Amino acid sequence: MKLAISIAGQSLDSPFDARFGRAESFCLVDTDTGAWTTHANPAQSASGGAGVQAAQFVAKLGAQAVVSGAYGPKAYDTLSAANIQRLLAPGKDACSAADILASFTAGQLIPADGASHGGHHGG
Amino acid sequence: MKQLVILSGKGGTGKTSVTAAFAHLASQGPFADRILLADADVDAANLELVLQPRRLDTRPFSGGQVAVIDADICMTCGDCESVCRFDAIAEMDGRFVVDPIACDGCAACVYQCPAEGIHMEEQTVGEVAVSESRYGPLHHAHLYPGQENSGKLVTQVKERARQQALDESRQLVLVDGPPGIGCPVIAAVSGADLALLVTEPTVSGIHDLRRALQTVQHFGVPALVCINKADVYPKGAQDIEADCLANGINAIGQIPFDLSIASAMVAGEAVTAYRPDAPASLALTALWERVVTCLIAPDATPDT
Amino acid sequence: MRIVVASGKGGTGKTTVATSLARVAAERDRVRFLDCDVEAPNAALFLHPVLDSHREVGIRVPRVDADACTYCGRCAEVCQFNAIAVVGQKTLVFDDLCHGCGSCTWNCPEQAISEQLAVTGVIDSGQTAEGIAFAQGVMNVGQTMGVPILRELKQWTAAPPPVGHDLRGRALEIRDAPPGASCPVVETMRGADFVLLVTEPTPFGLHDLKQVVAIARELGLPAGVVINRDGIGDDAVAAYCAESDLPILLRIPMERRIAEAIASGQPLVEAEPRYRPEFQTLLEHIVAGVNA
């Protein structure tokens, strides 16, 4: 399956970015083959609704699951409407995307069962 | 790390003077060298005037985009003017022009123009800065006059402050908030651990305090109230305290009317540093201790 | 003639000056008063209008007809505010991100989008005992955008006076502006003829005054200054006014008695009738300045 991981950088070794809407980029990994690509997040500098824009972006990338540190309510709803699984990686702030991938393969990531925060405002 | 935001609803009740005094008092107590300041009132940024800090870095802030009409392509059909719901496009001397102040950045005109003669351009609408004040780093910003304060600049100031506080393990971020209850206020309140509402015992102060309290509660942030210039209208001060009691809000104290506050402002100092034994300074010192108690243990009810 | 009372810094006495000016003007002229501080409207506390009309206002947000929608994604593409998301076979609308611009509605190839009012506030209107036509915009708590309410407020038309009512006197509109120097202040000033700037002689008052002066100049509006709480602070405001060609039209000294009266909700000219002639002169200065 295709897994999108929010990262700060351009490779599988880049650090995990705990922000979803304002993540620098996404690492898209095919968990079956290990093949990966990275994609700059167009929502990073959005004036508002970054979560909504980022959610549509990962949906267009064809991701079936996404890993980040937190989801705002609008990002959560949009990902949910797109049938994309929302995963959290608690305590993994200092990890690389490769570490996150390993945790995913080992079944250590937990599903987000709701928005993690009340949403940010204007930025 | 804790975030304390100072708010009021009504403007001019003394938010910035209280913030400056708290910054001074915090720099002397257990928070010494562990506080950081953020001025979230970006269209009337005054904390800098009292603290007179040294600028370390200033960078431009780009806000939303505005529409620009290419006069060479424009066929003067006026479709752009008719779709604009912000009255931002007008015909002047046979040409259509966009008023960048009125433009909301929606791009409706861009999609409507049959000649594809309109594009969007990013605008620099202010600047964001970090300075070193005598009480700790100050994150602040300046929105150029007339620009839209969507809360984005406030969010950026707060985010930069939060980041530095985390990097340097600072324990307290003191946020000087904007007046009102709209976008910038919501951005200032978002993520705060505690809000202190500075009000004044006037019919306007009471009216606006109620709306500000509703806003803070709407976003789930615990609130405390203090009454500035309390002795100017004692009946009003009593009404505020009764109102707070009835609504389960902790009214933690009063500050008397004191011209030392204006003098301290002119001198560019926190009133508690400028005249430590002035009535307002004594009241602020007592108030600060109660705020600290609440910050450390949000459920604790200090003696009032 | 439309007069805006603005300040930059909050709490300098905008409402005090605006309401006293309105009371004095209403003795001879037909006055219409708009409280444009939709986040914290206070003029009614001083003018005591009977507000017998309430109209809900807001912005027009899109509603997508699921039967007609083909999920082409054009609406989400044209929306600059990410207020619409199209994912798979679903279209989501986030009202709190919408600016009500209508772009999605016009660009939908299936005409599947209609608009409905999302209420963000209310316009209350009525009349005072002195015959001042009064309206205020009040933004709902938790809302973010005041400007759409302000636009509606400016378009408010008072009910015509009863037949036989005295129609002499000038038509004056007084707008009480919000604090600050951003969008809502510009919207309040747009279409006005004069800006009366109320400030206090302190560094904060001066700093914020300069911001509003910049807006008035950009809009090409003549302006004058009222110095309130004269005597506190320093002389920097007066010096700035002199070098910037801004006439100081009135000074109101810092007096505890005035502060107490205003705190209790009395208009200045009622608590201190000696200010009546001062406000009459102020009004004539403004009118003469605009007509000059």
Side-chain angles (χ1 to χ4, degrees), chain A residues 1-4 6 19-23 26 28 39-66 68 70-87 112 114-123, chain C residues 38-39 58-59 61-67 69-104 107-108 112-113 118 120 139-149 178 180-184:
Chain A
M1 73 180 290
K2 280 186 173 176
L3 179 70
S6 56
R19 301 168 303 171
F20 175 70
R22 306 254 174 227
F26 292 99
L28 190 69
H39 308 266
N41 175 16
Q44 198 191 2
S45 59
S47 18
V52 177
Q53 196 182 349
Q56 291 182 93
F57 181 67
V58 296
K60 283 208 183 84
L61 291 176
Q64 289 144 296
V66 58
S68 192
Y71 303 95
K74 298 186 190 82
Y76 187 90
D77 288 352
T78 309
L79 289 167
S80 158
N83 287 319
I84 296 172
Q85 204 189 349
R86 301 148 304 269
L87 298 167
S116 346
H117 53 81
H120 301 301
H121 203 77
Chain C
V38 303
E39 294 184 36
I59 56 170
V61 298
R63 287 294 173 260
V64 182
D65 178 353
D67 295 331
C69 179
T70 61
Y71 311 102
C72 70
R74 179 69 175 156
C75 52
E77 185 188 311
V78 301
C79 178
Q80 303 294 298
F81 310 107
N82 295 311
I84 302 194
V86 180
V87 281
Q89 300 287 296
K90 290 193 185 99
T91 302
L92 308 175
V93 177
F94 299 101
D95 289 355
D96 55 341
L97 291 176
C98 179
H99 285 216
C101 70
S103 207
C104 54
N107 282 286
C108 175
I113 300 180
T120 57
M139 186 169 91
N140 291 346
V141 167
Q143 288 295 330
T144 56
M145 287 178 271
V147 173
I149 301 169
S182 59
C183 253

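Heavy atoms only: backbone and side chains are in, while hydrogens, waters and symmetry mates are out. Quantities reported herein were computed from a predicted structural model and do not represent experimental measurements. Below, chains carry the letters A, B, ... as their sequence lines are ordered, and counting in each starts from 1.
- Closest approach of A/L87 and A/Y71 over heavy atoms only: O-OH, 2.7 Å.
- Within residues 78-92 of chain C, the residues having any heavy atom under 4.5 Å from a heavy atom of chain A are, by residue number, C/F81, C/N82, C/I84, C/A85, C/V86, C/V87, C/K90, C/L92.
- Under the 3.5 Å distance criterion, the side-chain polar atoms of C/R74 are left unmatched by any main-chain donor or acceptor of C/C104.
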Item to complete: Given side chain to side chain contact (heavy atoms under 4.5 Å, CB included), test C/D96 with A/K74 step by step and report yes or no.
Response: CA-CA 10 Å; C/D96 55 341; A/K74 298 186 190 82; 3.0 Å; yes
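- Proximity to chain C at a heavy-atom threshold of 4.5 Å picks out A/D77, A/T78, A/A81, A/A82 from residues 76-85 of chain A, in numerical order.
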Item to complete: Mind running side chain to side chain contact (heavy atoms under 4.5 Å, CB included) on C/C75 and C/I113 for me, showing each step along the way?
Response: CA-CA 9 Å; C/C75 52; C/I113 300 180; 3.9 Å; yes
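- With rounding to the nearest 0.5 Å, the separation of OG1 in C/T120 from CD1 in C/I59 is 6.5 Å.
- C/L97 contributes atom CG, which lies 11.0 Å from atom CD of A/Q53 (distance to the nearest 0.5 angstrom).
- Relative ring orientation between A/H39 and A/F57 is described as perpendicular, the plane-to-plane angle rising above 60° on a 0-90° scale split at 30° and 60°.
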Worksheet item: side chain to side chain contact (heavy atoms under 4.5 Å, CB included) between C/D95 and C/R63: does it pass, once the steps are laid out?
Response: CA-CA 10 Å; C/D95 289 355; C/R63 287 294 173 260; 2.8 Å; yes
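- Considering OG of A/S68 and CZ of A/R22, their distance stands at 13.0 Å, rounded to 0.5 Å.
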